[in-house]
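One structure is given here, and the rest of the page talks about it.
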2 protein chains.
Amino acid sequence: MRVVIVGGVAAGMSAATRLRRLDETAEILVLEAGEHVSFANCGLPYHVGGVIPERAALLRDADGLARRFRLDIRTRHRVTAIDREAKRLRVEADGTASEERYDVLVLAQGAEPDALPADGSVPVHALRSVDDMDGIVRVVESGARSAVVVGGGYIGLETAENLVRRGLAVALVARGDQVLHTLDPEMAAPVHRVLQDAGVDLRFGAAATGVVDGAVVLEGGERLPADLVVDATGVAPRSEPAHAAGLELGPTGGIAVDARHRTSDPAILAAGDAVEKRDAVDGGPVLVALAGLANRHGRSIADVIAGEPEDAAPAIGTAIVQVFGLAVATLGWTERRLLAAGRAHRVLHTHPAQHAGYYPGATPLSIKLLVDAETDQVLGAQITGRDGVDKRIDVLATAIAGGIPASALSRLELAYAPQFGSAKDPVNLLGYVAGNLASGAAATVQWHELPGLQRSGWTLVDVRTPQEFAAGAIPGAVNVPLDDLRERHGELPAERLVVHCQVGQRGATAARLLNQLGHAAANLDGGYRTWRDAEATRRHETEAAA
Amino acid sequence: MRVVIVGGVAAGMSAATRLRRLDETAEILVLEAGEHVSFANCGLPYHVGGVIPERAALLRDADGLARRFRLDIRTRHRVTAIDREAKRLRVEADGTASEERYDVLVLAQGAEPDALPADGSVPVHALRSVDDMDGIVRVVESGARSAVVVGGGYIGLETAENLVRRGLAVALVARGDQVLHTLDPEMAAPVHRVLQDAGVDLRFGAAATGVVDGAVVLEGGERLPADLVVDATGVAPRSEPAHAAGLELGPTGGIAVDARHRTSDPAILAAGDAVEKRDAVDGGPVLVALAGLANRHGRSIADVIAGEPEDAAPAIGTAIVQVFGLAVATLGWTERRLLAAGRAHRVLHTHPAQHAGYYPGATPLSIKLLVDAETDQVLGAQITGRDGVDKRIDVLATAIAGGIPASALSRLELAYAPQFGSAKDPVNLLGYVAGNLASGAAATVQWHELPGLQRSGWTLVDVRTPQEFAAGAIPGAVNVPLDDLRERHGELPAERLVVHCQVGQRGATAARLLNQLGHAAANLDGGYRTWRDAEATRRHETEAAA
């Protein structure tokens with residue numbers, strides 16, 4: 001059996017090495033268009049910033065891989081056409097063409113960065129390959145003093161941070177009013193804060209249209225001059241030459257595959273950023289360009305070829321990025337997307353410390369959880385914080401995989417010592433809050449509902465201390481501290497009350513108390529902190545419109 | 001309704017505050033024998049060491065709690081008898097006795113430290129209460145220069161570390177040949193190393209019999225002189241006066257309760273370290289003295305009283321401790337216990353880095369997973385490492401709660417960026433290894449099986465490089481590096497082969513290859529590293545016997 005694998009990075013090399021472990025007799029040819037196989041994509045920005053000083057640390061020794069797994073690895077070999085009838089590939093290398101026969105073909109070509117139109121007046125680089133990285137390092141080391149990063153996704157943020165680390169003045173152009181569209185607006189505010197605190201010139205609202213005369217030009221005409229432009233606007237699946245050969249593409253433009261990674265041609269399998277995945281929330285088609293899935297599905301392809309197939313799980317899209325010390329992790333759908341799809345859901349925000357408050361180093365997390373209103377299943381999660389973020393998103397991803405309802409997160413037995421968590425871990429607390437919402441023991445309103453309620457005459461009661469109230473309050477709020485509420489509740493109207501505190505916990509106690517004292521009160525979910533963060537992001541919208 | 005709660009720390013105060021949130025009308029009386037309610041038990045050792053400099057950080061303001069939740073809190077009040085017929089308690093405070101009536105009684109008295117016989121020649125303290133802590137701090141600050149800590153459990157280790165931090169010469173007396181009996185012997189070796197590297201005089205084999213004439217006396221007569229003795233030998237459930245009142249105790253000595261925390265008297269509920277729990281592995285009775293369960297079950301008691309009951313989940317016993325920078329986390333059963341119970345299981349050891357190796361700060365984890373041989377469910381896990389340990393144990397605890405089989409851990413979508421994990425996270429790798437064992441794609445032998453196999457003529461092949469082999473090898477091993485195996489396998493016998501590498505991964509590849517080349521080979525699980533750690537712990541056994 002001759003297996004040809006097109007693409008030798010995450011999915012491709014996982015398929016190759018696993019297949020060899022399963023089958024010593026297969027002939028395995030890996031064709032990689034770039035110079036390097038199995039390199040560390042996700043490390044590229046950190047070599048730019050000098051965090052990973054040794055370039056070699058990102059590279060795998062192709063000869064060593066070839067020897068250990070008896071692979072025929074050919075780099076700088078580009079597949080230009082697939083003849084499915086004859087099961088032959090057309091391959092170009094060093095300007096000369098050749099043909100390769102296959103019994104089984106594996107497509108793992110990844111994704112192609114979108115390219116901003118550019119006139120060549122400034123160096124413009126994406127950051128997807130080792131060549132891209134080398135290009136950026138050359139420009140930085142030749143004395144560049146300023147850079148514009150176009151795109152507020154993972155790579156854009158990581159590159160901005162690492163260019164700041166190298167001493168460049170960095171502007172970052174984000175589409176719309178926020179970075180990271182896997183976050184809802186209020187959850188993006190802490191990310192904006194760390195970027196701005198680090199001196200990044202954050203530009204919202206206007207998309208970049210191109211690079212002209214030494215500057216990035218924005219819609220509306222503003223020019224951002226720079227010595228270096230990093231183009232991180234986005235990626236598209238590399239679906240050529242699959243598409244030209246008549247393989248089916250999905251509605252997202254990715255190669256369509258079934259749960260066993262088979263394309264519309266039974267002799268051709270595909271995995272990685274080039275293929276379309278199935279969404280865990282609605283079962284629909286989705287593009288998820290993440291290394292974990294690429295590696296896993298690549299490895300699964302070998303199992304399929306070796307006759308030990310297993311269906312791929314739908315993708316929940318768990319992802320994490322660190323920006324100037326702030327970790328940002330997400331999975332599933334945003335509230336924005338759930339609202340657009342009309343899917344009934346519950347929202348909850350919490351701001352617990354990542355570990356016991358009495359132990360040195362406690363720092364707050366901000367967590368948003370989106371829960372199916374009918375099934376109580378977790379549909380999405382967003383977490384920011386300086387520490388402990390990766391743990392909580394991984395626990396939630398595992399809970400989703402295990403079908404654990406949101407309310408039952410309270411019952412998870414998570415490890416507790418004061419350096420690592422709390423006797424009631426932040427994930428347990430999510431379960432308690434979700435349970436209270438599900439049972440009706442708690443009622444909440446979201447930050448975006450507050451203006452409408454206030455306009456229609458609801459009373460907003462701030463139950464924090466007078467000191468906290470004086471330090472910054474929501475317009476229109478009256479201050480009745482929680483511990484005075486039993487004595488003073490008579491001052492408040494019987495109905496249409498929204499209470500709030502700093503992070504939501506005292507507010508929940510206050511709402512319970514008022515409801516038991518005969519009022520009808522709801523708690524502002526996430527408290528002052530979530531409201532303040534939402535306001536901060538909303539200001540970008542206003543500024544961009546101005 | 002008058003609810004009396006006996007014990008005002010984890011379980012008791014969780015019950016009290018939750019009950020108030022659910023029911024504004026209940027009369028709630030909290031009787032605490034000590035001076036403090038709701039204090040931070042798990043922080044006590046760290047105030048001894050000065051890590052938490054402010055003693056007040058560990059204490060909750062009882063008046064504030066009483067006001068916010070309208071509780072009648074009485075400290076230094078000890079319940080001496082329960083009259084179940086009359087629903088009355090006998091209470092002693094300041095030497096005077098009184099009576100209290102209850103409609104519902106909640107017992108949350110925690111556990112009592114075992115006490116080493118002592119002649120008063122040296123200060124001896126447990127470390128369970130604020131008083132204990134204050135006593136130790138007084139001795140340390142009065143110029144103590146040496147301490148003996150008796151007991152190698154969580155509190156013993158944390159106290160030893162914190163006394164070293166204060167400059168004391170510390171000896172630690174562990175029963176048997178290892179600390180932390182939630183670990184199998186090979187997994188305890190890294191803990192012994194960090195203790196010894198920090199200068200702790202570790203004493204194995206001989207139990208302490210008492211404190212006489214200024215020294216801890218060991219079985220066999222050896223004397224360990226000290227200015228301070230910390231007695232952390234263990235705890236027993238505080239089941240008096242429940243027992244005297246005729247409430248049923250379980251076989252472990254803890255108060256017997258059902259899944260809704262009800263004792264044998266329907267008007268009396270109980271939670272926390274005083275009660276017996278149900279074991280998640282075999283459903284049997286078990287004592288688990290952990291703060292997370294105490295808090296959770298205490299809170300659940302309020303739900304039961306308020307008429308919103310939910311069954312408690314069986315306990316898997318997830319726990320973590322940090323010792324001199326090394327984190328040690330466990331859940332479920334050890335291999336020792338599974339073997340003793342005759343339960344069919346699979347064992348796997350891995351030693352992955354906690355995050356991408358190319359990113360600075362990568363450090364190894366050692367993971368042991370115990371898997372049910374029939375159901376593929378995880379029965380136990382043990383993890384040590386400097387970073388990322390808490391995350392992996394929590395993911396495993398969640399996977400168990402969700403019924404995710406060990407092989408399916410490979411499919412978890414865990415968050416990946418190079419600071420946080422790997423594209424194939426250590427938990428995913430466990431899934432791959434478990435899947436290979438389940439399918440028969442891999443066969444392994446354990447370190448404790450190796451001597452027997454070698455005695456009966458099996459050949460041990462070390463597939464590491466000659467450099468690694470020269471730096472330290474298992475007696476009797478022959479060295480054939482993995483990358484030479486295709487050429488040199490003819491040198492090896494056809495059958496009865498055990499291969500090994502440093503951590504198990506190259507060994508797995510080697511075993512696959514040899515089996516495909518017509519040999520019959522198994523891989524030494526966990527490689528040289530697990531074997532070396534097992535040897536290190538076994539030496540204590542030999543030393544103790546000598």
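Lettering of chains follows the sequences in order, A, B, ..., and the numbering in each one begins at 1.
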Part of Arg70(A) within contact of chain B (heavy atom distance under 4.5 Å): both
Considering only heavy atoms from C-beta outward, does the side chain of Lys424(B) approach that of Ser14(A) to under 4.5 Å? yes
Rounded to the nearest 0.5 Å, how far does CD of Glu413(A) lie from CD1 of Ile400(B)? 9.0 Å
Measuring heavy-atom distances to chain B, does Pro405(A) have an atom under 4.5 Å in its side chain, in its backbone, in both, or in neither? neither
If we define contacts as heavy-atom pairs under 4.5 Å, which of Ala397(A), Ser300(A), Ala313(A), Ala356(A) has the most with chain B? Ala313(A)
Which atoms of Leu485(A) are under 4.5 Å from chain B, going by heavy atoms: the side chain, the backbone, both sets, or neither? neither
Value rounded to 0.5 Å, distance of OG1 in Thr398(A) from CG in Leu396(B): 8.5 Å
Can you measure from CG (Leu22(A)) to OG (Ser439(B)) and round to the nearest 0.5 angstrom? 8.5 Å
Taking Val395(A), Asn515(A), Asp425(A) one by one, which has the highest count of heavy-atom pairs under 4.5 Å against chain B? Val395(A)
Is it true that Glu54(A) and Tyr358(B) share a donor-acceptor pair across their side chains at a distance under 3.5 Å? no
Contacting moiety of Leu293(A), where chain B heavy atoms sit under 4.5 Å: side chain
Carboxylate-amine/guanidinium proximity below 4.0 Å for Glu310(A) and Arg411(B): yes
So how far is it from Gln354(B) CD to Asp390(A) CG, rounded to the nearest 0.5 Å? 10.0 Å
So which of Asp484(A), Ile316(A), Thr17(A) has the biggest tally of heavy-atom pairs under 4.5 Å with chain B? Ile316(A)
Turns out that what part of Phe69(A) lies under 4.5 Å from chain B's heavy atoms comes down to both
At a 4.5 Å cut-off on heavy atoms, which part of Ile404(A) comes close to chain B: side chain, backbone, both, or neither? side chain
Tyr416(A) portion near chain B, given a 4.5 angstrom heavy-atom threshold: both
Tell me, for Glu24(A) versus chain B, whether the close heavy atoms (under 4.5 Å) come from the side chain, the backbone, both or neither. both
Please lay out, stage by stage, how Arg506(B) and Arg68(A) fare under the test side chain to side chain contact (heavy atoms under 4.5 Å, CB included). CA-CA 10 Å; Arg506(B) 281 171 292 170; Arg68(A) 176 159 303 170; 3.7 Å; yes
Does any heavy atom of chain A fall under 4.5 Å from the side chain of Asp303(B), the backbone, both, or neither of them? neither
Between Arg20(B) and Arg512(A), is the side chain to side chain contact (heavy atoms under 4.5 Å, CB included) condition met? List the steps. CA-CA 9 Å; Arg20(B) 173 58 70 227; Arg512(A) 282 292 307 173; over 6 Å; no
Are any non-hydrogen side-chain atoms of Arg486(A) and Arg67(B) less than 4.5 angstrom apart? no
Straight-line distance of Phe420(B) CZ to Asp394(A) CG, nearest 0.5 Å: 10.5 Å
Find the distance between CD (Gln419(A)) and CD (Gln322(B)) and round it off to the nearest 0.5 Å. 4.5 Å
Atom group of Ala312(A) that falls short of 4.5 Å from chain B, counting heavy atoms: backbone
Between Thr318(B) (side chain) and Ala415(A) (backbone), is there a donor-acceptor pair under 3.5 Å? no
So which of Gly357(A), Ala315(A), Ala399(A) has the biggest tally of heavy-atom pairs under 4.5 Å with chain B? Ala315(A)
Tell me, side chain or backbone of Leu412(A) under 4.5 Å from chain B's heavy atoms, or both, or neither? both
Non-hydrogen side-chain atoms of Tyr432(B) and Arg296(A) separated by less than 4.5 Å: yes
Between Ser410(B), Gly421(B), Gly388(B), the one whose heavy-atom pairs under 4.5 Å with chain A are most numerous: Ser410(B)
Which atoms of Asn41(A) are under 4.5 Å from chain B, going by heavy atoms: the side chain, the backbone, both sets, or neither? neither
Do the non-hydrogen side-chain atoms of Gln516(A) and Arg21(B) ever get within less than 4.5 Å of each other? no
Flag if over 12 foreign heavy atoms under 6.0 Å of CD, Gln505(B): no
